[in-house]
Amino acid sequence: MLNPSFLDDEKLPEAERVSVLKEVFHRNIRLKQIQRLAGLLAPVVGGTLPANLLIYGASGTGKSVTCLHFLETLKTMCSTKDVPLRYFYVDLTTPRTCFGAFNELAIALDGSTRRYRKGIALEHMQEKIIAALGAIEGFCCILIDEADNITTDSDIFLTFLAKTLPKRVPVRIFYVFLTNRIEWEKNLDPRILSVLKKQDMIFEPYDAMDLIEILRLRVEKALDVKKVEETAIRKIAAYASRETGDARKAVELLAKAVKVAEETTGLLSEAEVDSAEHSLEVDKTEELIASLAVQQRLALQACYTGLRHQKGKLSTGAAYEWYRRVCEDEGAQALTQRRFSDMVSFMDLYGLLNARVASKGRYGKTREISSSLPQKLVKSMLVSQDT
DNA sequence: ATTCCACCGGAAGGGGCGGGCC
DNA sequence: GGCCCGCCCCTTCCGGTGGAAT
């Protein structure tokens with residue numbers, strides 16, 4: 001491995017990240033999307049305010065990077081025509097409250113890195129934002145990533161964007177909202193929608209060909225190309241595109257496969273990819289188990305201890321008995337069966353076990369709980385929790 | 001057809017706590 | 001920093017349910 005950081009975006013310095021992205025776009029990936037963006041936002045070059053834009057697309061389809069890249073080009077185009085354009089990026093990737101959203105916006109606008117103290121009145125934040133925008137002229141694009149991620153009072157935030165802000169500042173603003181939830185628009189206040197006067201656009205997931213290009217680029221940057229088989233890349237792309245077409249996942253899988261290859265043959269072929277796929281799945285499950293709440297972990301532990309003693313299926317009642325015993329051992333307060341029942345359905349939902357309701361006629365109706373995890377994982381879980 | 005088992009899963013209400021707001 | 005309200009977790013209560021048994 002020559003330069004492993006190219007397999008992990010988090011570790012890549014900003015400048016490198018940008019140059020990698022440039023190359024992605026040079027290879028004509030996302031070309032269609034860029035052309036559509038251009039079609040919709042082009043008016044600004046001629047000095048007209050374009051409509052606001054709402055972009056849908058699953059995560060990992062390159063919405064953010066494509067938009068950032070495009071806005072950068074748009075900016076240079078504008079400057080050759082003497083149209084002043086600035087753009088700001090508001091990242092709501094992690095859920096924010098209404099206040100938090102204002103905070104992010106303020107940070108993006110005034111360039112400060114520190115977050116504003118919480119406990120400041122909302123109006124104060126709004127004034128800050130207005131002041132920052134009041135200082136600039138011409139056009140301004142605000143790119144709001146994961147706009148659906150505002151947990152509370154998103155109406156207030158959006159109303160401010162749509163109504164208050166344009167009135168209070170001289171700069172002419174247009175927005176680009178990114179979201180991966182198609183139904184977001186539906187739970188918005190229709191009045192806000194009408195003010196926004198927006199246009200929609202959809203980002204298709206990457207197809208296998210796109211992913212192959214992206215992976216090749218990473219391989220060229222990060223690895224000794226001779227040690228990577230073309231078929232392996234294709235396989236990764238196939239895995240990723242079959243699932244969601246998420247480029248991040250594809251790169252993640254590549255990284256894992258490289259790790260596997262390093263530990264074994266030193267050569268990256270299809271076999272390593274398969275093995276990486278598998279171990280990635282195990283990692284995810286372990287992570288999921290580790291992140292469970294205490295009670296849920298106890299319940300899970302109880303189910304699998306029960307299943308060990310009684311092969312096959314377990315009824316809710318029996319599982320609950322095990323659970324009470326486990327709780328006693330651990331010195332924890334056992335919850336009610338009602339709650340336990342909910343936890344079982346929860347864990348079924350997350351694939352940590354199978355639980356389907358079945359009627360046993362005269363002998364009642366219950367969930368049949370059975371294992372859905374590989375034996376190895378179950379063992380390591382029970383061992384690690386016995387300690 | 002009826003009974004009845006062993007739970008399901010909705011509703012309502014209590015209580016603790018953490019985040020929003022000043 | 002401190003207060004307060006909303007949310008989440010939990011319990012209690014209870015009507016509902018599919019199909020073996022009778």
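The sequence lines fix the lettering, A, B, ..., with proteins before strands; numbering per chain opens at 1. Bear in mind the structure is a predicted one, so any value in this text is a computation, not a measurement.
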Item to check | Whether A:Phe25 and A:His69 hold their rings parallel, tilted or perpendicular, with breakpoints at 30° and 60° | outcome: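 Rings of A:Phe25 and A:His69: parallel, as their planes differ by under 30°.
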Checklist entry - Taking the six-membered ring for Trp, are A:Phe102 and A:Phe160 parallel (under 30°), tilted (30 to 60°) or perpendicular (over 60°)? => result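 Ring orientation of A:Phe102 relative to A:Phe160: perpendicular.
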Checklist entry - So do A:Val344 and A:Leu353 actually touch side chain to side chain, heavy atoms under 4.5 Å? => result yes
Next on the checklist: For a quick test of reading the model: is some side-chain N or O of A:Ser315 closer than 4.0 Å to OP1 or OP2 of B:dC7?
Outcome noted: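 For B:dC7, OP1/OP2 do have a side-chain N/O of A:Ser315 under 4.0 Å.
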Item to check | B:dA6 OP1/OP2 closer than 4.0 Å to side-chain N/O of A:Thr316 | outcome: no
Starting at [atom1] of [X] and ending at [atom2] of [N], how long is that distance when rounded to a whole Å?
{"X": "A:Leu314", "N": "B:dC7", "atom1": "CG", "atom2": "P", "result": "10 Å"}
{"X": "A:Arg356", "N": "B:dA6", "atom1": "CZ", "atom2": "P", "result": "19 Å"}
{"X": "A:Arg367", "N": "C:dG18", "atom1": "CZ", "atom2": "C1'", "result": "15 Å"}
{"X": "A:Arg362", "N": "C:dT17", "atom1": "CZ", "atom2": "C1'", "result": "15 Å"}
{"X": "A:Tyr363", "N": "B:dA6", "atom1": "OH", "atom2": "P", "result": "9 Å"}
{"X": "A:Gln295", "N": "C:dT11", "atom1": "CD", "atom2": "C1'", "result": "13 Å"}
{"X": "A:Tyr323", "N": "C:dC10", "atom1": "OH", "atom2": "P", "result": "8 Å"}
{"X": "A:Lys365", "N": "C:dG15", "atom1": "NZ", "atom2": "C1'", "result": "12 Å"}

Item to check | Centroid-centroid distance, A:Phe139 to A:Phe174, less than 6.0 Å | outcome: no
Checklist entry - Within the modelled atom types, does a donor on one side and an acceptor on the other bring the side chain of A:Ser359 and the base of C:dG19 under 3.5 Å apart? => result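 A donor-acceptor contact between them is absent.
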Checklist entry - With distance as the sole test, does A:Arg168 use its side chain to make a donor-acceptor pair with the main-chain N or O of A:Gly134 at under 3.5 Å? => result no
Checklist entry - With distance as the sole test, does A:Asn52 use its side chain to make a donor-acceptor pair with the main-chain N or O of A:Leu196 at under 3.5 Å? => result yes
Checklist entry - Do A:Glu23 and A:Lys221 sit within salt-bridge range, that is, some charged N less than 4.0 Å from a carboxylate O? => result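 Yes, this pair counts.
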Checklist entry - Listed in order of residue number, which residues of residues 333-345 of chain A have a non-hydrogen atom at under 4.0 Å from DNA chain B? => result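 A:Gln337, A:Arg338, A:Ser341, in order of number.
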